[in-house]
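These notes concern the structure reproduced below.
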Amino acid sequence: MKNLVLLLIVLIGGCQVPKIEAPAESKVSNIVQQKSDPRDKPERLYQLKDLETRKMTFNGHQLTVWLMDDSGKRAEGMMYLVDKDVKDTEGMLFIFSDSEPRSFWMQNCPLGLDICYLDAKGKVLNVGVGKPFDESGVPSKGPAKYVLELKVGRAKKFGIKEGSILMLPENISPKE
């Protein structure tokens with residue numbers, strides 16, 4: 001009986017949350033105004049502004065690439081991004097721990113992409129084209145350690161094609 005009374009006291013008392021009212025003058029001053037990035041997408045786990053970037057140069061074109069260096073980032077890739085979210089000189093560099101045949105698809109991706117498969121030394125194995133929302137695979141022509149995704153048509157514009165050698169950014173490695 002004693003335990004039952006104690007349990008009731010804890011349950012009744014524990015379920016009440018005291019109401020604490022802040023003084024009126026501090027209510028406004030405690031609101032933090034955060035500047036939102038127009039490229040933020042609520043459906044994305046990894047916002048572009050939060051991803052690590054590196055520079056790559058090829059044929060005189062400087063590219064900024066987001067490093068997709070763990071399985072979560074690699075799985076999300078360019079999902080939900082539209083044309084205005086990605087500049088012509090931006091892309092994603094997918095970094096894997098091993099070289100193996102790969103295939104990328106375009107699930108939840110409204111943006112057409114050039115998918116450049118690279119070997120461990122940065123040689124382009126092939127460039128495939130991913131069509132918006134197409135869930136069929138775009139395969140590599142051999143074991144790829146890196147994959148560079150660019151807006152569709154940019155690989156041709158930058159002269160990236162099968163056999164090209166891309167200078168990979170220094171000190172990149174997968175986080176898992």
Side-chain angles (χ1 to χ4, degrees), residues 36-59 61-176:
S36 65
D37 186 322
R39 302 192 296 184
D40 282 353
K41 304 280 185 196
E43 55 274 88
R44 286 187 60 84
L45 294 175
Y46 302 94
Q47 299 303 325
L48 296 178
K49 68 180 182 215
D50 299 326
L51 295 171
E52 185 178 354
T53 62
R54 287 286 190 340
K55 300 288 184 193
M56 291 179 71
T57 304
F58 185 75
N59 284 344
H61 299 279
Q62 185 169 357
L63 306 174
T64 300
V65 293
W66 293 285
L67 301 184
M68 309 310 280
D69 53 7
D70 68 36
S71 60
K73 293 173 192 171
R74 290 189 297 263
E76 185 170 63
M78 293 265 197
M79 284 185 181
Y80 310 109
L81 300 176
V82 295
D83 188 62
K84 68 179 182 168
D85 296 327
V86 181
K87 297 176 186 169
D88 288 353
T89 56
E90 292 177 323
M92 288 188 172
L93 182 62
F94 295 76
I95 305 163
F96 296 90
S97 60
D98 58 356
S99 295
E100 64 180 54
R102 305 210 182 272
S103 184
F104 276 39
W105 65 343
M106 301 290 290
Q107 181 184 32
N108 298 321
C109 190
L111 185 62
L113 299 173
D114 288 337
I115 304 171
C116 310
Y117 292 99
L118 314 173
D119 70 12
K121 295 182 180 178
K123 181 179 178 183
V124 178
L125 301 170
N126 64 297
V127 178
V129 176
K131 297 177 181 133
F133 302 107
D134 186 357
E135 293 188 12
S136 60
V138 178
S140 65
K141 290 183 180 176
K145 182 167 179 152
Y146 305 99
V147 179
L148 175 65
E149 287 186 343
L150 301 167
K151 287 170 68 172
V152 73
R154 296 312 167 266
K156 184 175 182 179
K157 179 180 178 180
F158 301 145
I160 299 171
K161 60 187 179 211
E162 188 172 327
S164 298
I165 306 290
L166 300 184
M167 183 64 80
L168 295 165
E170 291 184 18
N171 301 321
I172 57 170
S173 60
K175 293 193 173 156
E176 56 178 44

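The pair K73-D69 meets the salt-bridge criterion, since a charged nitrogen lies less than 4.0 angstrom from a carboxylate oxygen.
For the pair Q62 (side chain) and K55 (backbone), a donor-acceptor distance under 3.5 Å is absent. Counting only distance, with no hydrogens or angles, the side chain of S99 and the backbone of A144 share no donor-acceptor pair below 3.5 Å. The closest donor-acceptor contact from the side chain of N126 to the backbone of K141 lies under 3.5 Å. Judged by distance alone, with hydrogens and angles left aside, the side-chain atoms of R54 form no donor-acceptor pair with the main-chain N or O of I172 at under 3.5 Å.
Rounded to the nearest 0.5 Å, atoms CE (M106) and CE (M79) are 10.0 Å apart. Between atom OH of residue Y146 and atom CG of residue L125 there is a gap of 12.5 Å, rounded to the nearest 0.5 Å. Note that CH2 of W66 is 14.0 Å distant from CD of E52, once rounded to the nearest 0.5 Å. Put simply, NZ on K151 and CG on L81 are 10.5 Å apart, with the number rounded to the nearest 0.5 Å. Between L45 atom CG and Y80 atom OH the span is 8.5 Å, to the nearest 0.5 Å.
For the residue pair I165 and F58, the shortest heavy atom distance occurs at O-CE1, 3.2 Å. Between S136 and D134, the shortest heavy-atom distance links the atoms OG-OD1, 2.7 Å. Annotation for D88 and F158: closest pair O-CZ, 3.4 Å, computed over non-hydrogen atoms.
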Next item on the list: I would like to know whether M68 and M78 meet side chain to side chain contact (heavy atoms under 4.5 Å, CB included); could you show each step before the answer?
Entry: CA-CA 10 Å; M68 309 310 280; M78 293 265 197; over 6 Å; no

Note to self: Between L48 and D40, is the side chain to side chain contact (heavy atoms under 4.5 Å, CB included) condition met? List the steps.
What the structure shows: CA-CA 7 Å; L48 296 178; D40 282 353; over 6 Å; no

Checklist line | Criterion side chain to side chain contact (heavy atoms under 4.5 Å, CB included) on T53 and V65, from CA distance to verdict | finding: CA-CA 5 Å; T53 62; V65 293; over 6 Å; no

Note to self: As a quick check of understanding, evaluate salt bridge (Lys or Arg N to Asp or Glu O under 4.0 Å) for K145 and D98, giving each step before the final call.
What the structure shows: CA-CA 6 Å; K145 182 167 179 152; D98 58 356; over 6 Å; no

Give every donor-acceptor pair under 3.5 Å between a side-chain atom in residues 110-122 and any protein atom, sequence neighbours left out.
residue : atom : partner : partner atom : Å
D114    : OD1  : G153    : N            : 3.3
D114    : OD2  : G153    : N            : 2.9
D114    : OD2  : R154    : N            : 3.1
D114    : OD2  : A155    : N            : 2.8
Y117    : OH   : F104    : N            : 3.1
Y117    : OH   : V138    : O            : 2.2
D119    : OD1  : K121    : N            : 2.9
D119    : OD1  : G122    : N            : 3.1
D119    : OD1  : K123    : N            : 2.9

Contacts table for residues 90-97: side-chain donor-acceptor under 3.5 angstrom, sequence neighbours left out:
residue : atom : partner : partner atom : Å
E90     : OE1  : R39     : NH1          : 2.8
E90     : OE1  : K87     : N            : 2.8
E90     : OE2  : R39     : NH1          : 3.4

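Annotation: side chain of D85 is not in contact with side chain of R44 (no heavy-atom distance under 4.5 Å). At least one side-chain heavy atom of V152 sits less than 4.5 Å from a side-chain heavy atom of V129. Counting only heavy atoms from C-beta outward, the side chains of R74 and P174 approach each other to under 4.5 Å.
The side-chain contact (heavy atoms from CB on, under 4.5 Å) test applied to E170 returns no partner, not counting sequence neighbours.
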